[in-house]
Amino acid sequence: MGQGVSLSDEVGEAEVDELGYINTCETTGGSTKHLCILVLEAYSAVLVASIQLTGKLLVQDYFSKWGEDGLVDLKYELDYLIMLITSRRFLGKEVREKLFDEVYSLIHCIGNGISLISVLFPYIPIPVHNRRDRARVKLEEIFSKVIRSRRNSSLVEDDILQKLIDSKYNDGRCTTQGEVSGMTLAMIFAGEHTSSNASTWTGARLLSSDKWWSAAVEEQKKIIHGSNGRIDYSSLSEMDVLHRCIKEALRMHPTAPVLLRKAHKQFVVQTKEVNEYEIPAEHAVVVPMLTNSMLPYIYKDPHVYDPDRFANPGRKEDKVGGKNSYISFGSGNFACIGEAYAYLQLKIIWSHLLRNFELKLVSAYPDTDWSSYTVGPKGKVLVSYTRRCLSST
């Protein structure tokens, strides 16, 4: 069997400015509340390293199927591609090779059944919840069949599913089929939906700004000249303009409307107007991400798409209000540990598009779809493309 990770059954409660993460991962058999996070932390470095090769090859292969020119729904294309990349690291090849379209459809059914109402009242018997629950059962059946097959054979794969199968608690207990399938689904959903929305919003913003589209293309020309056209970790790290374009898109379009935390102890919040509010211990704290990212005394002209607001050593508007000014990936000990992975994945996709296609936004700039908890563009994002090969000159 492949090498797993030892999981502690006891986790002390960490504090982040008196706030702690509200657990949403249900496990069984006395397992840790933070099992999903522990496992993802253990393999986040592996994910970041592997995305360079896996993501690059999948992106090249996916876009090679586009013609010389045409019209596409950018939202669908990027969503499907990111699911392909995500499945390469999280799902077994048994699913990828035989059941991918079915799993893709079921995961979207679950996504459509998660709204703000679902966060507040997750079990009310409404139609979208019924469809969500049926899809969840079907996915667990698919994953459980794969897990049983692997445990009953000597088959070992290099994916997160295998790592979860091989993981054990400190008392020697193995993870159960329900835990493995549940954690796999949770991590796929967390990574795929958010990255898909972020990638589409980045594209919509770039294609609505001649200035920043041109700046991103010019940056690619310089990197092509310095790296002989290669895409590797070093060249991706040099894409500062593209990085800021993604970061600004996420400021204006956070992937979730709110962050939820629980106060471990009583504390006092002081506002800009020097008003003080007491937060009692054990109370839930809701952080409105969209409101925070549009505060005019933190972000100059907050409704303007301006990646230069993060320029270093220039304005650094994400630092003006302190370490929690920019919270698109959360903050503190419970910030999103997939942040580096997300940026790397989006840079691979958009550097390829910038180098190989002329793109034009055909449909109107999309409205926000507030019907889902992971807020993305509403409707189709139609883009025309013409194939090209960008040179360094």
Side-chain angles (χ1 to χ4, degrees), residues 11-24 33-34 36-37 40-41 44 116 119 190-191 194-195 197-198 201-202 205 240 243-344 346 368 373-375:
V11 176
E13 292 190 328
E15 293 183 3
V16 185
D17 297 330
E18 291 85 25
L19 297 179
Y21 175 75
I22 291 182
N23 171 55
T24 57
K33 293 189 301 179
H34 301 294
C36 290
I37 295 176
L40 191 51
E41 282 177 337
S44 59
L116 193 55
V119 175
T194 53
S195 291
N197 289 338
W201 283 125
T202 297
R205 284 293 174 183
D240 179 64
H243 185 96
R244 286 187 282 117
C245 287
I246 296 168
K247 186 172 183 176
E248 175 71 341
L250 282 168
R251 179 191 69 83
M252 302 183 77
H253 303 283
T255 55
V258 297
L259 292 176
L260 300 176
R261 297 291 186 266
K262 184 176 75 175
H264 287 318
K265 62 183 181 182
Q266 178 180 308
F267 66 101
V268 175
V269 172
Q270 187 178 84
T271 69
K272 180 176 178 289
E273 293 76 20
V274 200
N275 297 319
E276 292 189 347
Y277 297 90
E278 183 179 288
I279 309 299
E282 300 302 313
H283 277 221
V285 178
V286 179
V287 182
M289 295 175 67
L290 186 59
T291 300
N292 284 20
S293 66
M294 291 293 177
L295 295 173
Y297 55 86
I298 300 294
Y299 297 105
K300 181 182 177 181
D301 299 322
H303 294 282
V304 175
Y305 181 70
D306 182 11
D308 266 350
R309 68 177 75 251
F310 306 120
N312 187 11
R315 292 151 60 181
K316 294 185 179 179
E317 291 181 17
D318 54 328
K319 309 295 183 185
V320 170
K323 62 182 180 180
N324 295 323
S325 295
Y326 186 86
I327 56 171
S328 292
F329 287 93
S331 183
N333 290 355
F334 293 100
C336 175
I337 58 177
E339 180 177 358
Y341 173 83
Y343 273 116
L344 199 61
L346 267 60
T368 300
Y373 185 73
T374 53
V375 288

Looking at Pro280 and Ala263, what are the two nearest heavy atoms and their distance?
O-CB, 3.6 Å
Which atom names give the shortest non-hydrogen contact between Ser293 and Pro302, and what distance separates them?
O-CB, 4.5 Å
Within 45° of the six-membered ring axis of Tyr299 and under 6.0 Å from that ring's centre, is NZ or CZ of Arg309 located there?
no
Does the pair Asp318/Lys247 count as a salt bridge with the N-to-O cut at 4.0 Å?
yes
Atom CE of Met289 and atom CG of Leu259: how far apart are they, to the nearest 0.5 Å?
4.5 Å
Run Tyr277 and Phe267 through side chain to side chain contact (heavy atoms under 4.5 Å, CB included) and show every step you take.
CA-CA 9 Å; Tyr277 297 90; Phe267 66 101; over 6 Å; no
Within this structure, what is the CE-CG distance for the pair Met252 and Asp306, rounded to the nearest 0.5 Å?
9.5 Å
What's the verdict on side chain to side chain contact (heavy atoms under 4.5 Å, CB included) for Lys262 and His283, showing C-alpha distance, side-chain angles and the deciding distance?
CA-CA 6 Å; Lys262 184 176 75 175; His283 277 221; over 6 Å; no
In short, Val375 meets Pro257 closest at the heavy-atom pair CG1-CD, 4.4 Å
Under a 4.5 Å cut-off applied to non-hydrogen side-chain atoms, are Trp201 and Ile246 in contact?
no
Decide, yes or no, whether a salt bridge links Glu248 with Arg205 under the criterion of side-chain N to carboxylate O below 4.0 Å.
no
Could you give me the CA-CA distance, side-chain angles and deciding distance for Glu317 and Lys300, then say whether salt bridge (charged side-chain N to carboxylate O under 4.0 Å, His left out) is met?
CA-CA 8 Å; Glu317 291 181 17; Lys300 181 182 177 181; over 6 Å; no
How long is the span from the OH atom in Tyr305 to the SG atom in Cys245, to the nearest 0.5 Å?
4.0 Å
Test item: Val268 and Ile279 side chains (from C-beta on) under 4.5 Å apart, heavy atoms
no
Compare every heavy atom of Val258 with every heavy atom of Pro288, then report the nearest pair and how far apart it is.
CA-CG1, 4.1 Å
Decide yes or no for Leu260 and Val286: does some side-chain heavy atom of the first lie under 4.5 Å from some side-chain heavy atom of the second?
yes
Looking at Val287, is its backbone amide N or carbonyl O close enough to the side chain of Asn292 to form a donor-acceptor pair, meaning the two atoms are under 3.5 Å apart?
no
Over-ring placement of Lys316 relative to Phe310, 6.0 Å and 45° cut-offs
no
Could you measure the distance from the CG atom of Asp308 to the CZ atom of Arg244? Nearest 0.5 Å is fine.
5.0 Å
Under a 4.5 Å cut-off applied to non-hydrogen side-chain atoms, are Thr255 and Ser328 in contact?
no
Between the CD atom in Glu339 and the CG atom in Leu344, the distance rounded to the nearest 0.5 Å is 12.0 Å
dist His253:NE2 -> Thr202:OG1 (nearest 0.5 Å) comes out at 9.0 Å
